[in-house]
Amino acid sequence: MSPASTLRMTALALLWGSGFLWIKLALDHGLSPAQITIVRCALGTAVLYGLARTAGQRLPRSRAVWGRLTVAALFCNAIPFALFAVGEQHLDSGIAGVLNATTPLWSLLIGLLLGTDRGLPPLRLTGLLVGFAGTVLIFAPWQRSGLLSWSALALLGAAASYAVAFAYMARKLTDKAAPMAMSAAQMVMATGWTTLSIPVAGGVDADLVALAAVTVLGVLGTGVTFYLNYRLIADEGPTAAATVGYLLPVVSVGLGSVLLGEQVGIRVLVGMLVVLAGVAMTRPAGARGTARPAPTAPHPQTKLHAP
């Protein structure tokens, strides 16, 4: 791997993995979940549109494409962005990063329900069961100190929403001729969706820390990361991009512990390792040579999704 690709991989892992930290900081310093989601989408739109213009890519003109992007934006951006912010109101950022790692498991499960994954090999089936066993271990519903709560379910719902989006986008959004323009268009629709929450977003009572956190989240964690992921896949292939995905929960747990003083117990750490092991087992052999980036989100076989 070239030094430039190594640098991109490192930056991508840090920027995506730190997304949960920025959400937590924005919440703790005065922004509401709706406010974070709106600003994040708007800033991400501005960055991606600028990248598209720089690359000479134009926004789509087809009404049918815009209609599909509206659906994709709802499940791939508006819903999960909001659910992560809602969940982190009462749970640590590290926990959010760990539960985000279940996205590929939901993708496989949805594929089985839709019939797009047929003849599931024993290894992938085992990986699916192992991954969800790790999730149960993290929740520990049999303990009073377990994480099973509405906040935890919101975080898990965000991961499942990404999986729904992947399934839809794989069928309906297959044109990769102008990826940055398509991503910008999708974020435009995501911004439209999130503005519907303005009546319940509340008044702005945020300090500079919150404003800085949501700015980093929108500009770097939502906009710039797409470009870095696109370049990494183009230069080194989907296998290298997949490696970044396995680092995201590690980065989120590490940053939460060091910068926010979050305590992650042994049970959660073991559960995270079990989930990642299950995800690794579910990756089909052909994914290493065939996966491609989808608009604003990597292919479910290529990446553990970002927040």
Side-chain angles (χ1 to χ4, degrees), residues 13-28 33 80-110 112 122-163 221 242-283 300 303-307:
L14 289 175
L15 290 177
W16 262 343
S18 66
F20 307 98
L21 170 70
W22 305 125
I23 292 172
K24 191 68 171 178
L25 285 172
L27 288 168
D28 290 347
F81 288 2
L83 288 179
F84 274 120
V86 168
E88 286 193 51
Q89 285 183 300
H90 303 292
L91 288 177
D92 291 343
S93 63
I95 296 298
V98 171
L99 294 180
N100 176 66
T102 64
T103 295
L105 303 176
W106 292 109
S107 293
L108 179 56
L109 183 60
I110 290 173
L112 292 173
L123 181 62
R124 295 190 72 196
L125 177 59
T126 301
L128 182 65
L129 297 176
V130 168
F132 280 119
T135 304
V136 173
L137 180 61
I138 293 170
F139 278 172
W142 57 86
Q143 294 185 0
R144 285 182 174 271
S145 59
L147 296 177
L148 188 59
S149 64
W150 287 113
S151 294
L153 293 177
L155 297 176
L156 207 58
S161 183
Y162 280 136
T243 303
V244 179
Y246 291 98
L247 298 176
L248 300 187
V250 178
V251 171
S252 68
V253 169
L255 290 177
S257 176
V258 173
L259 299 180
L260 299 178
E262 297 175 352
Q263 300 296 321
V264 179
I266 296 298
R267 188 192 75 247
V268 174
L269 290 176
V270 172
M272 177 183 72
L273 295 176
V274 173
V275 168
L276 292 178
V279 169
M281 294 167 67
T282 62
R283 289 192 68 219
K303 174 86 49 194
L304 310 185
H305 204 274

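If you're wondering where the values come from, they're calculated on a predicted model, not measured in any experiment.
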Gap between atom CH2 of Trp16 and atom OG of Ser252 - 0.5 Å precision: 14.0 Å

CZ-CG distance between Phe84 and Asn100, expressed to the nearest 0.5 angstrom: 4.0 Å

Criterion side-chain contact (heavy atoms from CB on, under 4.5 Å) on Leu25 and Leu260, from CA distance to verdict: CA-CA 9 Å; Leu25 285 172; Leu260 299 178; 3.8 Å; yes

Least distance between heavy atoms, Ile138 atom then Met272 atom: CD1-N, 4.0 Å

Under 3.5 Å donor-acceptor, Ser257 side chain and Val253 backbone: no

Gln89 (side chain) donor-acceptor with Pro33 (main chain) under 3.5 angstrom: no

Considering all heavy atoms, the nearest Leu91-Ile95 contact: CD1-CG2, 4.4 Å

Between CG on residue Leu153 and CZ on residue Phe139, distance to nearest 0.5 Å: 5.5 Å

Heavy-atom closest pair, residues Gly17 and Phe20: O-CD1, 3.5 Å

Separation between CG of Leu105 and CG of Leu128, rounded to the nearest 0.5 Å: 6.0 Å

For the student: nearest non-hydrogen atoms of Ser93 and Gly256, plus distance: OG-CA, 3.8 Å

Spacing of Thr282 atom OG1 and Leu109 atom CG [to the nearest 0.5 Å]: 11.5 Å

Distance, nearest 0.5 Å, that separates CG of Leu83 from OG of Ser151: 11.0 Å

Working for side-chain contact (heavy atoms from CB on, under 4.5 Å), residues Val98 and Val275: CA-CA 8 Å; Val98 171; Val275 168; 5.6 Å; no

Where Lys24 and Glu88 come nearest, the two heavy atoms and their spacing: NZ-O, 2.7 Å

Closest non-hydrogen atom pair, Pro104 against Ala101: CD-O, 3.3 Å

Val86 vs Trp150, side-chain contact (heavy atoms from CB on, under 4.5 Å): CA-CA, chis, key distance, verdict: CA-CA 9 Å; Val86 168; Trp150 287 113; over 6 Å; no

